[in-house]
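Notes follow once the structure below has been shown.
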Amino acid sequence: MNKLTWIIGAGAVAALLWLLPEPAPVEDNSFTIGPINVFDGDKVLRAHYVSVEEGVIVRVESQPPKAVQRVYPTKPDQWIIPGLIDSHVHTWGDARERALDFGVTTVIDLFGHPSELRRARQQRNSVQLQQEADMWGAGRLVTAPDGHGTQFGFSPHPLADDDSAESAVSERLAEGSDFIKIVYTAEDVDYPHRPSISYQQLQRVIQAAHDQQVLAVVHVADHLSAEHAVTAGADGLVHGFFDQPISEQLIDKMEQLQVFIVPTNMIYEHLVHGEFNKQVLLPACGDCFNQQKLNSLSRGGANMASTSFYNNLKTNTRLLDESELDVLVGSDAPNPGTEHGISLIAELMWLETQDVNWQVAIHSATALAAERWRIKGRGRIAVGQRADMVLIGSSPAQGMHLLLDPQAVWKNGYQVR
């Protein structure tokens, strides 16, 4: 190649390179978003700018920050809320990835294989880029021999009569459990979750958990069992019930003892009515799922079809909303009629149809959930909190369906959607 040819060739290459667009910079987890409407997990703020440094919120201000920082562009009607917390799931496979697609940045796993617990603990302590929701988990259940939970393929080490409650709790904490979940059904209840541990065993396990400074939550499915669990000292009930309306006496006792409840309305609605997904959720969903998952949400249901059961479910939603109880939002995914991520939005949409105020509903799935599960750094848009956030197109007052299609989701300050 002669010199002239080389010069012409080099010039042509340089010209081509000049015409090509510059490589897009790799976004880090430090930025400012604003001006933006902010619901911080508790209330609507007057502040309109949120600044993040290395995955942590460092400023929430009414004026643009003076520091030079990458700015995420916004539109006048957009809102930002904390990443959502699903207070009742069972995760495996890509469940936590699917949750993140719908702005669910933290999940509470209430029965799962203990092998996942240590990895989840390491992951949630990091502010590195991750493409799945954080997890806090109960690990193995405390249940009776042949009781609920023993049918799912790995042994939860049932609590026999001669077993030590203290040992059962210590074993689970050694495996990495963040709290203790107990399955209980009262003796006088004719319900499929028999056999059950005894009331005395329930009391001993709860006390053993409290001695270790961890929460003890109880799986119940009827009013009498809920009464027993509250009397025995449970910190939370991780299902509601539809056998009768919740009594004033039970509400009063739960308020007095500060017991929270995760009603898991969608799984119960699927059992007793089976129409919410088909009539409300999926018409608002558009193309947010492939056909197979759409089918799984819409088929089946109403195995216990009963007008009285369904009316009790609606009545209990109203009574809980009117009470001073801490009511958390949980989907119980992936049980029949539920899917990770989208079914938490369905829970919020259900609350909306029952006239629950939108701020109360989102508070239950953000700041309140973090408080009651003792999760630090999540559930709020505030200085020092993890930058887990969801951007939506307009005010949540316009409808919970907006959360089905978030315009952006941040996890640890990285935009993951």
Side-chain angles (χ1 to χ4, degrees), residues 83-117 119-120 123 131-141 143 148-154 156 178 181 183 192-193 217 219 221 238-240 262-278 280-282 284-285 287-304 313 328-350 365 369 373 403-404 409 417:
L84 300 170
I85 300 173
D86 192 330
S87 286
H88 194 140
V89 300
H90 307 281
T91 62
W92 59 83
D94 65 349
R96 291 196 278 147
E97 294 176 37
R98 287 183 279 138
L100 206 57
D101 286 341
F102 291 92
V104 178
T105 56
T106 299
V107 297
I108 306 300
D109 188 307
L110 286 175
F111 174 33
H113 199 283
S115 63
E116 289 294 307
L117 295 170
R119 182 178 78 88
Q123 188 179 57
Q131 298 286 347
E132 57 184 3
D134 287 329
M135 185 188 88
W136 274 255
R140 294 183 290 126
L141 302 173
T143 190
H148 182 65
T150 58
Q151 73 270 39
F152 292 118
F154 66 92
D178 296 296
K181 180 185 176 183
V183 178
H193 284 186
V217 298
H219 168 119
V238 291
H239 279 296
V262 188
T264 60
N265 294 303
M266 280 300 93
I267 187 65
Y268 284 161
E269 193 281 339
H270 186 73
L271 284 172
V272 304
H273 192 57
E275 294 299 321
F276 190 86
N277 285 340
K278 291 179 278 189
V280 180
L281 177 66
L282 295 180
C285 184
D287 59 356
C288 56
F289 263 150
N290 63 31
Q291 192 60 47
Q292 179 182 357
K293 289 180 178 172
L294 288 173
N295 290 341
S296 73
L297 284 169
S298 60
R299 68 170 176 259
N303 295 325
M304 304 178 185
L313 183 64
L328 309 185
V329 185
S331 66
D332 203 13
N335 273 292
T338 65
E339 288 282 352
H340 289 284
I342 191 173
S343 289
L344 184 72
I345 312 305
E347 286 280 328
L348 293 169
M349 292 171 70
W350 165 265
W373 289 111
L403 296 171
L404 291 169
V409 176
R417 176 189 168 120

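All figures in this text were calculated on a predicted structure; none of them were measured in a lab. Position 1 is the first residue of the sequence; numbering continues from there. Reckoned from all heavy atoms, side chains included, excluding hydrogens, waters and symmetry mates.
- Of the possible donor and acceptor atoms, one in the side chain of Thr143 sits under 3.5 Å from a partner among the backbone N and O of His148.
- Val238 pairs with exactly one of Leu328, Thr264, Val217 by the side-chain contact (heavy atoms from CB on, under 4.5 Å) rule, that one being Val217.
- Looking at Glu269, its side chain never comes within 3.5 Å of a backbone N or O of Ile267 through a donor-acceptor pair.
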### Query
Given Phe276 and Met349, is the side chain to side chain contact (heavy atoms under 4.5 Å, CB included) satisfied, shown in steps?
CA-CA 9 Å; Phe276 190 86; Met349 292 171 70; 3.9 Å; yes

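- Note that the CG atom of Leu297 and the NZ atom of Lys278 stand 11.5 Å from one another [nearest 0.5 Å].
- Closest approach of Val104 and Ala133 over heavy atoms only: O-CB, 3.4 Å.
- No donor-acceptor pair under 3.5 Å is formed between the side chain of His273 and the backbone N or O of Glu275.
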#### Entry: Candidate pair Val107 and Arg96, rule side chain to side chain contact (heavy atoms under 4.5 Å, CB included), full reasoning
CA-CA 8 Å; Val107 297; Arg96 291 196 278 147; 4.0 Å; yes

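- Considering only heavy atoms from C-beta on, Tyr268 comes within 4.5 Å of His239 through its side chain.
- Pro114 and Arg140 make their closest contact through CD-CG, 4.0 Å (heavy atoms, listed as atom of the first residue, atom of the second, distance).
- Asp178 contributes a side-chain N or O that, together with a main-chain N or O of Gly137, makes up a donor-acceptor pair within less than 3.5 Å.
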### Task
Under the side chain to side chain contact (heavy atoms under 4.5 Å, CB included) rule, what do Val262 and Val329 come out as? Steps first, then yes or no, please.
CA-CA 6 Å; Val262 188; Val329 185; over 6 Å; no

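- In this structure, Lys181 and His88 have side chains that are in contact, with non-hydrogen atoms separated by less than 4.5 Å.
- His340 approaches Ala333 most closely through the heavy-atom pair CE1-O, 3.5 Å.
- A distance-only check finds no donor-acceptor pair linking the side chain of Asn265 to the backbone of Trp350 [under 3.5 Å].
- Atom CG of Asp94 sits about 12.0 Å away from atom CG of Leu100, to the nearest 0.5 Å.
- Side-chain contact between Leu281 and Ile342 is present, with heavy atoms from C-beta onward closer than 4.5 Å.
- Rounded to the nearest 0.5 Å, atoms CE (Met135) and OG1 (Thr106) are 11.5 Å apart.
- The heavy-atom pair separating Gly139 from Leu117 by the smallest distance is CA-CD1, 3.8 Å.
- Contact annotation: the side chain of Met266 never approaches that of Leu344 to less than 4.5 Å [non-hydrogen atoms, C-beta and beyond].
- The closest side-chain heavy-atom distance from Gln123 to Glu132 is below 4.5 Å.
- The backbone N or O of Asp101 lies less than 3.5 Å from a partner atom in the side chain of Arg417, making a donor-acceptor pair.
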### Query
When you look at Asp332 and Thr338, which way does the side-chain hydrogen bond (donor to acceptor under 3.5 Å, both in side chains) test go after all the steps?
CA-CA 7 Å; Asp332 203 13; Thr338 65; over 6 Å; no

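- Using a 4.5 Å heavy-atom cutoff, the side chains of Leu84 and Thr105 are not in contact.
- The minimum heavy-atom distance between Glu339 and Ser343, with the atom names listed, is N-OG, 2.8 Å.
- Closest approach of Pro334 to Trp92, counting heavy atoms only: CG-CH2, 3.6 Å.
- Note that CZ of Phe102 and CD1 of Ile345 are 7.5 Å apart. Values are rounded to the nearest 0.5 Å.
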